[in-house]
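Okay, so here's the structure we're looking at.
Everything numeric in this text was worked out from a predicted model, so none of it was measured. Throughout, a chain's letter reflects where its sequence line sits, starting with A, and its residues are numbered from 1.
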There are 2 protein chains.
Amino acid sequence: MQNATLERTLTAKRISPTAMRLRVLEYLVSREAAVSLADVEKGLAHTDRITVYRTLKTFEEHHLIHSIEDGTGATKYALCADDCRPGTHHHDLHIHFYCRQCEETTCLPRTAIPALQLPGGYTAEEMSLTVKGICHKCSQP
Amino acid sequence: MQNATLERTLTAKRISPTAMRLRVLEYLVSREAAVSLADVEKGLAHTDRITVYRTLKTFEEHHLIHSIEDGTGATKYALCADDCRPGTHHHDLHIHFYCRQCEETTCLPRTAIPALQLPGGYTAEEMSLTVKGICHKCSQP
DNA sequence: AAGAAATTTGCATAACCGGTGCAAATTAGG
DNA sequence: CCTAATTTGCACCGGTTATGCAAATTTCTT
């Protein structure tokens, strides 16, 4: 992806486009599956783990990425959909699929979570639905 | 709860009723919300963290309790419903509710997860749905 | 363009959670 | 009651998340 495009992606979310952040974002868009902090650290040479950690936190605060708990112990991160801006941010209202074969976690944006009827008095603000199984790539014969 | 009742609960799941396990189980049934390893450690005096850890693992293996990832970083545990025995164990197929006010996680067994239609090629084996918001206790005026 | 202010980065360091190996203590079995 | 198996407690390890602080970079102002 063009550097100018990455830069516009950051400024659109009101994130100062520093060299570090451009590198992390470039890595994120190059990966299809959700990535962990360790993944980014390994994928980018000569980077400080703490800086990557804070970069991801900044991205998350500005709703450029969202975090995923897939049960592996390490928090994963994935780019938000384009229409995921503050105010209409739907808090990851899609399924996260963890494949126990390839051990990758992916977002399934086209699979909406059906509306739930919570017991009286309960108010839902966010929800996360993680499904574990075999993904379509690993199901190929 | 009577000690004999606790003991029967353990033996029914084929767990040897040692003193340690009876104490941990007594603590679990006394708590309404899901508890973390640290909670049990703090709730019971003169206990070794590792022993509690392994006790919880044993309980989980024998389907007496199930683990919950509520996004707080620490794994929580809650007693399984009575009909949750091996074979018909439904892998926590109910909603887990995390209240950001009281910071407690509870099971909502009467709120079933609606069936999902996954994209082609994907096979679901387990799933977990965690809802974050305000619980009925913290909604009281 | 230059200098000051604010932000970002990198290093040290630590808290916390989950986990393993091994020897002592406890429980179960004959 | 004595032996074998299980359980418990201590020492210790590793990974992830996190904070404080000084240096470097970026942004703002003149």
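Rounded to the nearest 0.5 angstrom, L37(B) CG and S67(B) OG are separated by 12.5 Å.
E61(A) places its CD atom 13 Å from the C1' atom of dA18(D), with the value rounded to the nearest Å. Rounding to whole angstrom units, CZ of residue R14(A) and P of dT27(D) are separated by 16 Å. Between R54(B) atom CZ and dA24(C) atom P the separation is 16 Å, expressed in whole Å. Rounded to a whole Å, the CG atom of L22(B) is 15 Å from the C1' atom of dT8(D). Atom CG of L37(A) is separated from atom C1' of dG14(D) by 15 Å (rounded to the nearest Å). The interatomic distance linking F59(B) (CZ) with dT8(D) (C1') rounds to 14 Å, in whole Å.
A side-chain donor-acceptor contact under 3.5 Å links R23(A) to the backbone of A45(A).
Between F59(A) and V24(A) the shortest side-chain heavy-atom distance falls below 4.5 Å. Residues K76(B) and T72(B) have side chains in contact (heavy-atom distance under 4.5 Å, counting atoms from C-beta outward).
Comparing K76(B) and P17(B), the nucleotide of DNA chain C nearest to each residue sits closer to the 5' end for K76(B).
Note on ring orientation: taking the six-membered ring where Trp is involved, the planes of H136(B) and Y122(A) are tilted (angle from 30° to 60°).
Taking every heavy atom of residues 38-51 of chain A and every atom of DNA chain C, pairs under 4.0 Å involve D48(A), I50(A), T51(A), by number.
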Pick out the pairs of N or O atoms, protein on one side and nucleotides 5-7 of chain D on the other, that lie under 3.5 Å.
from: dT7(D); atom 1: OP1; to: R21(B); atom 2: NH1; distance (Å): 3.0
from: dT7(D); atom 1: OP1; to: R21(B); atom 2: NH2; distance (Å): 3.3
from: dT7(D); atom 1: O5'; to: R21(B); atom 2: NH2; distance (Å): 3.3

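The shortest distance between the side-chain N/O atoms of K57(B) and the OP1/OP2 oxygens of dG18(C) is not below 4.0 Å. Between Y53(B) and dG19(C), a side-chain N or O to OP1/OP2 separation shorter than 4.0 Å is present.
At a threshold of 4.0 Å, the pair E26(A)-R31(A) does not count as salt-bridged, since none of the basic side-chain nitrogens sits closer than that to a carboxylate oxygen.
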Inset, instruction - Decide salt bridge (charged side-chain N to carboxylate O under 4.0 Å, His left out) for R21(B) and E7(B); before the verdict, give the C-alpha distance in whole Å, the side-chain angles of both, and the deciding distance to 0.1 Å. - result: CA-CA 9 Å; R21(B) 290 169 177 168; E7(B) 206 165 315; over 6 Å; no
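Backbone-only contact: T75(B) has heavy atoms under 4.0 Å from sugar-phosphate atoms and none from a base.
Under the 4.5 Å side-chain heavy-atom criterion for grouping Ile, Leu, Val, Met, Phe, Trp and Tyr, L108(A) is connected to V131(A) within one hydrophobic cluster.
Side-chain contact, E69(A) with T75(A): a donor N or O sits under 3.5 Å from an acceptor N or O.
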